[in-house]
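Written out below as structure tokens is the structure these notes cover.
If you're wondering where the values come from, they're calculated on a predicted model, not measured in any experiment. First the proteins, then the strands, lettered A, B, ... as listed; each starts at 1.
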2 protein chains.
Amino acid sequence: MPAQMEIATSATALKARTAWMADLDREPLQMTGTVVHVGEGREIFAEGDDTHLFYKVISGVVRVCRFLSDGRRQIEAFHVEGEVFGFELGEERTLSAEAVSDCSLVSYRRGHIETLAKKDQAVAHQLFQYAMKNLAQAQGHCLVLGRRGAAEKVASFLLGWAQHSMEKGVVHLAMTRQDIADYLGLTIESVSRSLSQFERDGVIALPNARQVRMLNTDALEDLVA
Amino acid sequence: MPAQMEIATSATALKARTAWMADLDREPLQMTGTVVHVGEGREIFAEGDDTHLFYKVISGVVRVCRFLSDGRRQIEAFHVEGEVFGFELGEERTLSAEAVSDCSLVSYRRGHIETLAKKDQAVAHQLFQYAMKNLAQAQGHCLVLGRRGAAEKVASFLLGWAQHSMEKGVVHLAMTRQDIADYLGLTIESVSRSLSQFERDGVIALPNARQVRMLNTDALEDLVA
DNA sequence: CGCTTAATTGATCAGGGTCAATCGTGGTGG
DNA sequence: CCACCACGATTGACCCTGATCAATTAAGCG
């Protein structure tokens with residue numbers, strides 16, 4: 001368990017109705033977790049770690065990834081508020097996770113939740129839903145990775161990310177170009193070039209590297225087809 | 001529901017201890033399914049279909065895939081004996097499935113199983129396990145798709161497939177080159193060239209297009225790293 | 001105000017896509 | 001039984017996209 005994660009307070013002690021508790025009634029996991037804060041770039045867990053904890057994102061963005069022996073990195077998924085990540089079948093992790101931005105998470109004890117799930121079918125159902133959500137995400141990711149063109153991939157990523165973090169037509173990218181590249185199986189240069197090209201085509205505007213104004217969503221959707 | 005699937009017999013009526021029932025005791029889904037046979041190349045379900053059925057493979061190989069509007073196909077996964085496929089979150093399927101070879105499957109009614117799962121935690125747990133298995137598979141697939149080289153991808157596929165169907169050092173490929181290509185995000189030609197190169201390098205032998213004799217597994221594993 | 005790191009842009013190159021021809025094999029029908 | 005056909009697989013030639021290498025710009029931050 002990484003030292004850089006600071007335990008803020010037990011979730012059970014939290015009285016304030018914060019965002020992650022917004023749907024209390026439909027959230028059987030509510031009372032069982034511990035809130036932790038993780039600074040930008042910090043490790044949440046690493047390949048080879050024990051799998052006895054898993055997490056739910058309260059705020060911030062998390063990347064889950066795998067490293068190849070030659071140093072390349074494949075980002076499996078970005079996780080945002082409300083999403084659960086970090087459960088695996090085996091005892092030992094095959095993936096690692098880091099905070100893309102400062103994050104607040106709830107950590108759950110796997111064994112504890114499994115015990116709960118045995119008694120309470122609502123917990124079991126919730127767990128299953130989270131697993132399925134992640135599965136659907138991974139399958140969508142496969143589709144993007146299988147796509148031929150770099151522009152297609154970047155467009156696909158933009159549209160997907162826009163669904164999370166668009167505000168008045170402006171998407172805030174929490175992650176670096178390198179993160180995007182590692183997510184899409186491209187190089188940083190290809191990502192940059194695709195974005196520049198979109199801007200030249202008047203499809204997006206880039207007020208700064210982290211802000212994308214969506215000018216012509218349809219054009220992107222045509223690309224993704 | 002495709003007409004080409006012929007219902008053989010209710011699973012509950014099956015007395016013979018066939019392979020798919022081998023681990024009866026650990027299989028809470030055992031008594032609830034219907035056995036169907038699907039001929040090679042036949043559709044099992046299509047994008048847009050209802051999700052009220054899901055399946056378990058008794059024998060044969062199934063491909064689960066998605067079609068892009070321009071006709072390209074991304075194969076999400078190949079499923080073999082013992083694997084479960086075809087459950088999705090929504091009411092409507094986002095994926096289609098076809099028989100790569102003649103298949104025997106058990107189909108389960110989603111609603112029925114969900115009712116069971118509410119009463120029997122063992123069923124719920126089993127379902128969760130299957131979902132997680134598919135998740136792990138999809139994540140592994142992402143890793144392969146993200147890889148740079150064609151040879152790396154093909155090597156990775158061969159090693160993965162060998163774990164299912166190797167027999168005395170010979171792997172039988174149930175699928176065509178096109179299937180492999182669509183699974184790996186390559187063209188048929190690139191797959192063929194990679195295999196030919198492996199053969200020239202003495203890493204494999206290709207007695208015929210569907211048989212691969214593994215001569216130097218280590219060399220392949222080095223490629224995949 | 002420099003220093004550091006991220007991002008963009010340009011030039012070149014190689015891997016894989018594309019197009020096309022050939023080979024091989026299994027199935028069918030004369 | 002064999003000839004032919006159809007389809008999958010292989011091989012070759014060429015081209016294009018994206019990787020690589022390198023230089024420049026931009027943006028935080030002490």
Side-chain angles (χ1 to χ4, degrees), chain A residues 39-41 63 68 70-75 100-102 144-158 171-201 204-212 223, chain B residues 39-41 63 68 70-75 100-102 144-158 171-201 204-212 223:
Chain A
E40 181 176 325
R63 61 170 174 256
L68 305 185
D70 62 359
R72 278 176 296 171
R73 181 181 66 161
Q74 177 64 47
I75 296 185
V100 169
S101 60
D102 287 353
V144 175
L145 283 166
R147 282 177 186 289
R148 300 288 199 252
E152 274 180 290
K153 290 186 181 180
V154 175
S156 183
F157 170 77
L158 275 181
V171 177
H172 177 73
L173 301 176
M175 67 294 287
T176 66
R177 297 289 188 270
Q178 187 64 62
D179 286 331
I180 300 174
D182 289 347
Y183 179 75
L184 296 175
L186 294 171
T187 58
I188 198 176
E189 291 95 334
S190 291
V191 172
S192 191
R193 273 187 251 272
S194 291
L195 289 173
S196 300
Q197 189 58 49
F198 289 156
E199 189 172 31
R200 259 174 259 126
D201 297 345
I204 61 170
L206 289 163
N208 66 62
R210 296 298 183 101
Q211 304 275 68
V212 183
L223 257 185
Chain B
E40 181 176 327
R63 62 170 173 256
L68 305 185
D70 61 0
R72 277 176 296 172
R73 181 180 64 161
Q74 177 63 49
I75 296 185
V100 170
S101 60
D102 287 353
V144 175
L145 282 166
R147 282 177 186 288
R148 301 287 197 249
E152 274 179 289
K153 290 186 181 180
V154 175
S156 183
F157 170 77
L158 275 182
V171 177
H172 177 75
L173 301 176
M175 66 294 287
T176 66
R177 297 289 188 270
Q178 187 64 62
D179 285 331
I180 300 175
D182 290 346
Y183 180 76
L184 296 175
L186 295 171
T187 58
I188 199 177
E189 292 95 333
S190 290
V191 173
S192 191
R193 274 188 253 272
S194 292
L195 289 173
S196 300
Q197 190 58 50
F198 289 155
E199 189 172 34
R200 259 174 259 126
D201 297 345
I204 61 171
L206 289 162
N208 65 61
R210 296 297 183 101
Q211 304 274 79
V212 184
L223 255 185

Would you mind reading off the distance between [X] atom [atom1] and [N] atom [atom2], rounded to a whole angstrom?
X	N	atom1	atom2	value
Lys153(A)	dT17(D)	NZ	P	15 Å
Arg147(A)	dG17(C)	CZ	C1'	17 Å
Ile180(B)	dA9(D)	CD1	P	8 Å
Gln211(B)	dA9(D)	CD	C1'	15 Å
Asp179(B)	dC7(D)	CG	P	17 Å
Ile204(A)	dT8(C)	CD1	C1'	13 Å
Leu186(A)	dG15(C)	CG	C1'	15 Å
Arg200(B)	dG12(D)	CZ	C1'	11 Å

Check: Base, sugar-phosphate, or nothing: which does Leu195(B) touch, judged by heavy atoms less than 4.0 Å apart?
Finding: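 No contact.
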Check: For Leu173(B) and Val212(B), what are the C-alpha separation, side-chain angles and deciding distance, and is it a side-chain contact (heavy atoms from CB on, under 4.5 Å)?
Finding: CA-CA 8 Å; Leu173(B) 301 176; Val212(B) 184; 3.8 Å; yes
Side-chain heavy atoms of [X] within contact of [Y], under 4.5 Å:
X	Y	value
Leu223(A)	Phe198(A)	yes
Thr187(A)	Arg148(B)	yes
Ile75(B)	Met175(B)	no

Under 3.5 Å, N/O pairs linking protein and nucleotides 1-7 of chain C:
{"from": "dA7(C)", "atom 1": "OP2", "to": "Arg177(A)", "atom 2": "N", "distance (Å)": "3.2"}

Next item on the list: Give the B/S/- string for nucleotides 18-28 of chain C, one per nucleotide from 5' to 3', where a protein heavy atom under 4.0 Å of the base yields B, of only the sugar-phosphate yields S, and otherwise -.
Entry: BBB--------
Output yes when a side-chain donor or acceptor of [X] lies under 3.5 Å from a complementary backbone atom of [Y], and no otherwise.
X	Y	value
Gln74(B)	Asp182(B)	yes
Ser196(B)	Ser192(B)	yes
Arg63(B)	Tyr183(B)	no
Arg72(A)	Gly146(B)	no
Glu152(A)	Arg147(A)	no

Check: Could you walk me through whether Arg210(B) and Thr176(B) pass the side-chain contact (heavy atoms from CB on, under 4.5 Å) check?
Finding: CA-CA 8 Å; Arg210(B) 296 297 183 101; Thr176(B) 66; 3.4 Å; yes
Next item on the list: To the nearest 10°, let me know how far the axis at one end of the helix from dC1(C)-dG30(D) to dG30(C)-dC1(D) is tilted from the axis at the other, five pairs an end.
Entry: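 So the angle between the two local helix axes works out to 30°.
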Notebook entry, point to check: Roughly how far apart are Ile204(B) CD1 and Gln197(B) CD, rounded to 0.5 Å?
Noted result: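 That separation rounds to 10.5 Å.
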